[in-house]
Trainee: 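Quick one: the structure is below, questions incoming.
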Number of protein chains: 2
Amino acid sequence: MRPESRATGQKAASFIEEARRAQIIECAVETFAELGFVATSLARIAERAGISKGVISYHFAGKAELMDQIVEQVYREIAGFVLLRMEGETTATGALRANIRAVAVYMRDHPTHLLALGEIFKNVRTADGKRRYGTAFNEPVYEARAEMFRQGQRSGELRSFDARVMAITVQAAIDEMFAYWVTYPEHDLEAHADELADLFEHATRAEHPGGTADR
Amino acid sequence: MRPESRATGQKAASFIEEARRAQIIECAVETFAELGFVATSLARIAERAGISKGVISYHFAGKAELMDQIVEQVYREIAGFVLLRMEGETTATGALRANIRAVAVYMRDHPTHLLALGEIFKNVRTADGKRRYGTAFNEPVYEARAEMFRQGQRSGELRSFDARVMAITVQAAIDEMFAYWVTYPEHDLEAHADELADLFEHATRAEHPGGTADR
DNA sequence: CTACTTTCTGGCCATGCGGCCAGAAAGCAG
DNA sequence: CTGCTTTCTGGCCGCATGGCCAGAAAGTAG
């Protein structure tokens, strides 16, 4: 007998099981990225993986769990990648530049992961019609970046502004850079990232650097 | 006999016909805004309008034409509203501020229209899997704003930067302001808009105002 | 009134969906 | 080999979808 639900089971999964789960997740990511949320069905994912549709049901409790796994995995992957490349930055401006550049590098190397994440984020809803992964899911990112700005303001490196709005806007700028690049692949992603770093440096830095917060 | 396709017909439509079409479009907008693209079916739209599903088929060639009409109508509405409120602005900075504020006012007054537009934009794809209304649909907006920036750079009002990246980023910042406000309705939209205007003023203005382009 | 057009209803259709399962196949332990 | 577990296939189910249509209803002109 198959376990009541291997997907939610606690037992150590076999090598084969883990490999299959990883393969299915990867194929699902590609399908979401290529066809979009609406056109991505379990049948299409199975087709891309070269397996029967039932295999997905065997390894995952359902489509919802599959998407949960994608979100969790990709999110962790990005966070690790970006945070690693921000280490050692001491100034807020430097940290922000490293942040933007790191995300741009990740975009270039794993565009499908980000596309799939976006499709799932924007379309999955709970039974009551509300977003499953809302803007609220970005809270940690917003708050971390806002805190970075506030620290820069306290040290006098940055001018006075609403740290939260700035944090939100940085994320928006990064996301749109990705969307634009996906539409126009010949667009220079690295140049765009540097331009964004300049943009926000001008937007945030104190008018008379060296002093404390300017007003 | 019903006309071969009233939806695409050229004849002057009757009052009743126009009223029905308008009602259906409005109900469709509300449904897209409230339930999202995935959960919006012709049946649900008809239910909200209190009519039979067949009425939609009678007045529109299909779901695709309905969505086309929504996009066209809302797009025209926004463009007219915003452009009207930018008239008379002579400086790039002033025009940008007026632009951002106007969009914020429109958001406050017609959130469902913008939500529906977003749902349709992000999810409708053609048969070959490509976006029907892609980032390319924003081209006119991007280009107009970029040209505004270039003019400001020529006059020495603005510093040197990539006008296109700046135009894209402004749009992203505005869109995210809306998304954030929808998630947190108590968020102060007007203050956010003013904060954005300040942000981009700092990001774009020349370091030594009064001269010509700075480098 | 009748004759005709416009508008609407209710239901049918083929399609594709996610979920599920009986049993085949494969792998493994004795 | 046999017996057991894990993994997979192929197909079936109920359901919702967009599109479609026959005919009813409402409106209008003569």
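The basis for the numbers below is simple: all heavy atoms, side chains too, and nothing from hydrogens, waters or symmetry mates. Chain letters run A, B, ... following the sequence lines, proteins first, then strands; residues in each count from 1.
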Trainee: When you measure from the side-chain N and O atoms of B:Tyr58 to the phosphate of C:dT7, is any distance below 4.0 Å, counting only OP1 and OP2?
Mentor: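 Checking C:dT7 against B:Tyr58, a side-chain N or O does come within under 4.0 Å of OP1 or OP2.
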Trainee: Check the distance between C:dT7's C1' and B:Arg21's CZ and give it to me in whole angstrom.
Mentor: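 One finds 14 Å between C1' of C:dT7 and CZ of B:Arg21, rounded.
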Trainee: Looking at B:Tyr142, I'd like to know if the NZ or CZ of B:Arg164 sits under 6.0 Å from its six-membered ring centre while staying within 45 degrees of the ring's axis.
Mentor: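 Verdict for B:Tyr142: no cation-pi partner in B:Arg164.
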Trainee: Would you say a side-chain N or O of B:His59 is under 4.0 Å from OP1 or OP2 of C:dT6?
Mentor: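 So the side-chain polar atoms of B:His59 never come under 4.0 Å of the phosphate oxygens OP1 or OP2 of C:dT6.
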Trainee: I'd like to check the salt bridge (charged side-chain N to carboxylate O under 4.0 Å, His left out) partners of A:Arg101; sequence neighbours left out, ordered by chain and number.
Mentor: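 Scan of A:Arg101 (salt bridge (charged side-chain N to carboxylate O under 4.0 Å, His left out), adjacent residues dropped) gives A:Asp194.
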Trainee: Can you tell me which nucleotide in C:dG19, C:dT6, D:dT9 comes closest to the side chain of A:Lys63?
Mentor: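 Nearest to the side chain of A:Lys63 among the choices is C:dG19.
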Trainee: Is there any side chain to side chain donor-acceptor pair (under 3.5 Å) pair reaching into residues 68-81 of chain A, and which pairs are they, with sequence neighbours excluded?
Mentor: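 Every pair satisfying side chain to side chain donor-acceptor pair (under 3.5 Å) with a residue in residues 68-81 of chain A: A:Asp68-A:Arg132, A:Asp68-A:Tyr133, A:Glu72-A:Arg76, A:Tyr75-A:Asn138, A:Glu77-A:Tyr106, A:Glu77-A:His113.
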Trainee: Any salt bridge (charged side-chain N to carboxylate O under 4.0 Å, His left out) pairs touching residues 29-50 of chain A, not counting sequence neighbours?
Mentor: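 Passing the test, one end in residues 29-50 of chain A: A:Glu30-A:Arg48, A:Glu34-A:Arg48.
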Trainee: Residues of residues 36-52 of chain B with any non-hydrogen atom less than 4.0 angstrom from an atom of DNA chain D: list those, numerically ordered, please.
Mentor: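 Listed by number, they are B:Thr40, B:Ser41, B:Leu42.
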Trainee: Quick one: list whatever passes side-chain contact (heavy atoms from CB on, under 4.5 Å) with B:Asp128, sequence neighbours left out.
Mentor: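 Result, side-chain contact (heavy atoms from CB on, under 4.5 Å) vs B:Asp128: B:Thr126, B:Lys130.
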Trainee: Is the cationic atom of A:Lys122 (NZ for Lys, CZ for Arg) positioned less than 6.0 Å from the six-membered ring centroid of A:Phe32 and within 45 degrees of its normal?
Mentor: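 Here A:Lys122 fails the 6.0 Å and 45° test against A:Phe32.
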Trainee: Whole Å only: how far is the CD1 atom of B:Ile56 from the C1' atom of C:dG10?
Mentor: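 So the two atoms are 15 Å apart, to the nearest Å.
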Trainee: Can you check whether B:Arg20 has a side-chain N or O nearer than 4.0 Å to OP1 or OP2 of C:dT6?
Mentor: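 For C:dT6, OP1/OP2 do not have a side-chain N/O of B:Arg20 under 4.0 Å.
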Trainee: Extract from the structure each pairing of a protein N or O with an N or O of nucleotides 12-15 of chain C at less than 3.5 Å, listing the distance.
Mentor:
none

Trainee: Got a sec, which residues hit side-chain contact (heavy atoms from CB on, under 4.5 Å) with B:Pro111, two or more places apart in sequence or on another chain?
Mentor: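 For B:Pro111 the side-chain contact (heavy atoms from CB on, under 4.5 Å) partners, ignoring immediate neighbours, are B:Phe178, B:Trp181.
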Trainee: What is the distance, rounded to the nearest whole Å, between atom CD of B:Glu65 and atom P of D:dC20?
Mentor: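 Interatomic distance, CD of B:Glu65 to P of D:dC20: 13 Å.
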Trainee: Report the distance from atom CD of B:Gln23 to atom C1' of C:dT7, rounded to the nearest whole Å.
Mentor: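 After rounding, the reported distance stands at 13 Å.
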Trainee: With sequence neighbours excluded, tell me which residues meet salt bridge (charged side-chain N to carboxylate O under 4.0 Å, His left out) with A:Asp175.
Mentor: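 With sequence neighbours excluded, A:Asp175 shows a salt bridge (charged side-chain N to carboxylate O under 4.0 Å, His left out) to no residue whatsoever.
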Trainee: With sequence neighbours excluded, tell me which residues meet side-chain contact (heavy atoms from CB on, under 4.5 Å) with B:Ala191.
Mentor: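 side-chain contact (heavy atoms from CB on, under 4.5 Å) list for B:Ala191, sorted by chain: B:Asp188.
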